[in-house]
Amino acid sequence: MNTQLPLGLKLEVGFTFDNFHISPENSKTRLARDSLVQLAAEEIRHPQMPVFLWGQSGSGKTHLLQACCQQAADHELTLAYLPLDQLLATGSGVLESFEQQTLICIDQLDAVQGKPEWEGALFTLFNRTVESGGRLVVAGHNPPSAMARRDLATRLAWGITVELLPPADDQKAGILQQRATTLGLQLSDEAAAYLLQRAPRDMHNLMQLLDHLDHASLATQRRLSVPLIREVLAAAPEISGG
Amino acid sequence: MIRPGHPDIQFGVARYRTAAASANCFHHRTNTYIVMPQIWDQCLTVLQQHLSTQQFNTWIKPLQPVPSESGLILLAPNSFVRDWINEQFHDRILSVLTSLEPSCESLDIQVGSVPENRTAPPRAAQAIAAATTRTGKRNGTIASRFIDNNGFLNPTFTFSNFITGKSNQLGQAAAIQVAENTGGIYNPLFIYGGVGLGKTHLMHACGNAITSRKGNTRAIYLHSERFVSDMVSALQRNTMEQFKGFYRSVDVLLIDDIQFLAGKERSQEEFFHVFNALVERKHQIVMTCDRYPKDITDLEDRLKSRFGWGLTVGIEPPELETRVAIVLSKAAESRIQVPNDVAFFIARHIHSNVRELEGALRRVLANAQLMGESITVDLAKEALKDVLASQRRKITIEGIQKIVVEYYKIRMVDLLGRSRKRNVTRPRQLAMALCKELTNKSLPEIGDAFGGRDHTTVMHACSKISDLRKGDRHVDTDYRLLLRTLTS
C-alpha cells in the first residue's frame with residue numbers, strides 16, 4: 001500500500017500559466033510555456049509529442065508542469081502529475097496505472113535516470129501514450145540524451161525540447177512578490193531584498209523558504225516583515241543555507 | 001464547479017467537508033427502485049463537488065459500476081487503483097451511496113472492466129470484433145482494446161509520407177510488396193535497424209495500406225512488450241485460452257521491437273505458437289527489431305530461424321540527401337516552407353536518426369513562429385544551440401575508446417597497449433577508424449592517443465576496417481552498432 005502517493009499527486013496552489021514569470025528576452029521559456037498551453041488545450045489534432053523541458057533546479061519546470069495540469073483539469077481532461085523522485089519507493093509498476101490518462105506530466109526525470117527498470121517502464125509508457133493518442137510532458141535536469149536507453153532518449157527528443165534557464169537575480173524579487181500575493185501574503189520590496197541577500201538564491205529554495213515564511217506568519221499572526229524573516233532564518237539555519 | 005487551486009478543497013483530507021454531510025442535499029426519499037448505474041451517476045455528481053477535479057478524474061472517473069446483492073461493485077482498471085480507492089475513498093463513496101439509497105449497504109472494489117458496448121466501431125475494429133466471435137472465444141479486454149483503437153494503426157504513417165533514399169528503399173519496397181501480396185512469400189517480413197530510423201513508420205504504413213485495400217482485414221499493431229504484458233495478465237486472470245484465441249486469429253500481426261522477447265521464455269513459447277498458427281494460414285506477420293535475427297541474444301533458436309523464413313531487410317541511418325528530403329517533407333506537412341540551406345544545416349548536424357531530426361525541425365519551426373522571424377540558418381543555429389553543443393562535447397577520442405572497451409569487454413590498458421592478440425587488435429582498429437570518422441583530430445593525434453602509435457598505423461587500421469566491413473558481417477554490425485551508440 002502506498003501511503004506516500006498523495007504527496008506525489010498533489011498540485012501546488014496557484015501554479016498557473018498566468019503567474020509564470022517570463023522575462024521578455026527569454027524566448028525559450030516562452031516557447032516552453034506556449035507548447036504546454038497547447039498541450040493542455042481541450043482538443044488538439046496532433047499533439048507535439050512529447051514536450052521535454054530541462055534545466056537546473058529553480059528554472060520553473062515544476063511550475064510549468066503543474067500549470068499545464070491545472071489548465072488540463074479545467075478542461076476536464078484526465079491527467080496525472082508524476083514527480084518520479086517521490087514515486088521511487090513505489091516501484092516502476094506505478095506508471096502502468098496512468099497510461100490511460102489524456103495528459104501525463106512527468107517531473108524529476110533524473111530521479112530514475114540510468115535505472116533500467118524505470119527507464120523500461122517509461123519506454124512502455126511512452127509507446128502506449130503514443131498509441132492511445134495521449135499527451136506527454138517530461139521535465140528533468142538533463143536533456144533527453146542523458147537517458148541510458150537510446151530508444152527512450154530518441155523518443156523523448158521527438159517532440160519539442162526546451163532548455164529552461166533560471167531567472168536572473170534582478171527578476172527574482174518580482175517573482176517572489178508575485179508568489180507571495182498568490183499565497184495571500186504581502187512581501188515588501190525591502191523584505192524581498194533582505195531575503196535575496198541572506199538566503200540561497202536559487203528559485204527552488206527561495207520558494208520553499210517563502211512557504212516556510214507563510215506558515216511562520218500564520219502561526220505568529222505577524223506580517224511578513226524583515227524582523228520576521230530574520231527570526232525565521234535564524235531559527236532554521238538549514239533553510240537559509242547557513 | 002469547483003476547480004483545483006481552490007484552497008478550501010484542494011489539498012489534504014482535513015480540509016474536505018465530510019461526504020455524508022454534503023450528501024444530505026442529494027438524499028432520496030423515494031421508495032422507487034433505482035438502477036445501480038443511475039445511483040452511481042448521482043454519486044459521481046456528489047463526489048465531483050467534493051474532490052478536486054484531478055482526484056476525481058484520476059481515480060473516480062475510470063471506475064465502472066456493477067450491481068451486487070447488497071450494494072455495488074466498482075471495477076477498477078488495475079490493482080493499484082483498487083488498493084488506492086480502498087484506502088482513500090472507499091468509506092466516503094459508500095457513505096454517499098448509502099445516503100442516496102439506504103438499501104445500498106456494501107461497496108466492493110475489484111479489478112476488472114465491463115465489456116465495451118460502442119455503437120459504431122470503425123471498420124477494422126469491427127473486423128477485430130468479428131475475429132473474436134468467429135473463434136468463439138470472447139476476449140473482452142484484449143480484443144476490445146484493439147477495437148477501441150482501430151487496431152492501434154496510426155493513420156498518419158503512410159507510404160506516401162515515408163521518405164526513401166539508399167538507406168531504406170529496400171525496406172519500403174518490401175513493405176509495399178507485403179501490403180499488396182499479404183501472406184505471400186515475404187512472410188514474415190523482418191525489418192531491422194537502429195533506433196529512430198522509421199521501422200515503425202513502415203510497419204504502420206504497411207498495415208494502413210492493407211486495411212484501406214481490404215477493409216475487413218483484421219490488422220493489429222502492437223509493441224512486443226505489450227504481447228508480454230497481455231500474456232502475464234492472461235495468466236493472472238486465467239484467460240490464456242482467450243489470449244491465444246485472439247492473437248492466433250488476426251489477419252495481419254504487426255509487432256514492433258521483437259528483441260524485447262529476449263530472455264522471456266514463456267512469452268517466446270507463446271509467440272512461437274502464434275507465429276506458426278498465422279504463417280500456416282498465410283496470415284501476414286511483420287516484425288521490427290534493432291538487430292539481425294541471428295544476433296538477438298537469449299532468443300530461442302527455433303524463433304531466430306523462423307524470423308528469417310520470409311524476407312529480412314535492414315534499414316540504415318539515412319544519408320545526407322535523404323535527411324534533407326525528410327526535413328523538407330516534414331516541414332511541408334506543417335505547411336511551412338523551409339529554405340534549402342536551413343534544411344541542409346539541420347540535416348548535416350543531426351545525422352544519427354530520423355526521430356531526432358524531426359525533433360530538431362520542430363524546434364526550429366516553433367522558434368521561428370514564436371519570435372515571428374523568418375526561418376534562417378542563424379535562427380536554426382540558435383534554436384539548436386544546446387543540441388549542437390552537446391554533440392560536440394560528446395564525441396572525443398577518449399569517449400570512443402571508452403565505448404569500444406565496454407562493447408568488447410576488454411581492458412583499456414590492452415586497447416592502448418602493445419598486445420597483438422586478435423581480440424584486442426580488431427577493437428583497436430575499429431576504435432581508430434571511428435575516431436577518424438567522428439572527430440576532427442589529425443591522424444598523428446589519433447595514433448598518439450592510442451599508446452603513441454604512428455599515423456600510418458591509423459591509416460592501416462582505417463583501410464583494414466573498411467575492407468573487412470565489406471566481407472565480414474560481424475565487423476560491419478559491430479561498426480554500425482558502435483557508430484550508432486556514439487552518435488545517437
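Please read these numbers as outputs of a predicted model, since none were measured by experiment. All chains are named by letter (A, B, ...) in the order of the sequence lines, taking the proteins before the strands, and each is independently numbered beginning at 1.
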4.5 Å side-chain heavy-atom contact, I106(A) and L84(A):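 Side-chain contact under 4.5 Å: yes.
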Non-hydrogen side-chain atoms of Q38(A) and V51(A) separated by less than 4.5 Å: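 No, their side chains stay 4.5 Å or more apart.
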Interface moiety of D257(B) toward chain A, non-hydrogen atoms closer than 4.5 Å: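 Looking at D257(B), just its side chain touches chain A.
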N-O pairing of E163(A) and R363(B) below 4.0 Å: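 Salt bridge absent between E163(A) and R363(B).
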Chain B contact via [X] - side chain, backbone, both or neither, heavy atoms under 4.5 Å:
X: L156(A); result: neither
X: D34(A); result: side chain
X: R149(A); result: side chain

Contact residues of residues 118-127 of chain A (partner chain B; heavy-atom separation under 4.5 angstrom):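 Within residues 118-127 of chain A, the residues under 4.5 Å from chain B are F123(A), T124(A), N127(A).
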Return the option, out of D151(A), T161(A), V162(A), with the maximum number of heavy-atom pairs under 4.5 Å with chain B.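 Answer, by heavy-atom pair count under 4.5 Å with chain B: T161(A).
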Parallel, tilted or perpendicular, as decided by the 30° and 60° cut-offs, for the rings of F146(B) and F152(B):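 Aromatic pair F152(B)/F146(B) classed perpendicular.
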Indicate whether any N or O donor in one side chain lies under 3.5 Å from an N or O acceptor in the other, for D107(A) and T62(A).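 Judged by distance alone, the side chains do pair up.
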Between H63(A) and T16(A) (side chain of the first, backbone of the second, donor and acceptor by atom type, cut-off under 3.5 Å), is there such a pair?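 Such a contact is found between H63(A) side chain and T16(A) backbone.
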Which is it for R355(B) and T200(B) under the side chain to side chain donor-acceptor pair (under 3.5 Å) test, yes or no, and what are the steps along the way? CA-CA 11 Å; R355(B) 217 179 273 136; T200(B) 305; 5.1 Å; no
Apply the test side chain to side chain donor-acceptor pair (under 3.5 Å) to residues N367(B) and E382(B): give CA-CA distance (whole Å), side-chain angles for both, the deciding distance (0.1 Å), then the verdict. CA-CA 9 Å; N367(B) 265 283; E382(B) 176 61 28; over 6 Å; no
In a check of side-chain contact (heavy atoms from CB on, under 4.5 Å) between L79(A) and each of L103(A), V137(A), I104(A), which one passes?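 So the option named by the test is L103(A).
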Looking at chain A, which one of A360(B), G194(B), A366(B) has the largest number of heavy-atom pairs inside 4.5 Å, strictly under?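 If we count pairs closer than 4.5 Å to chain A, A366(B) comes out on top.
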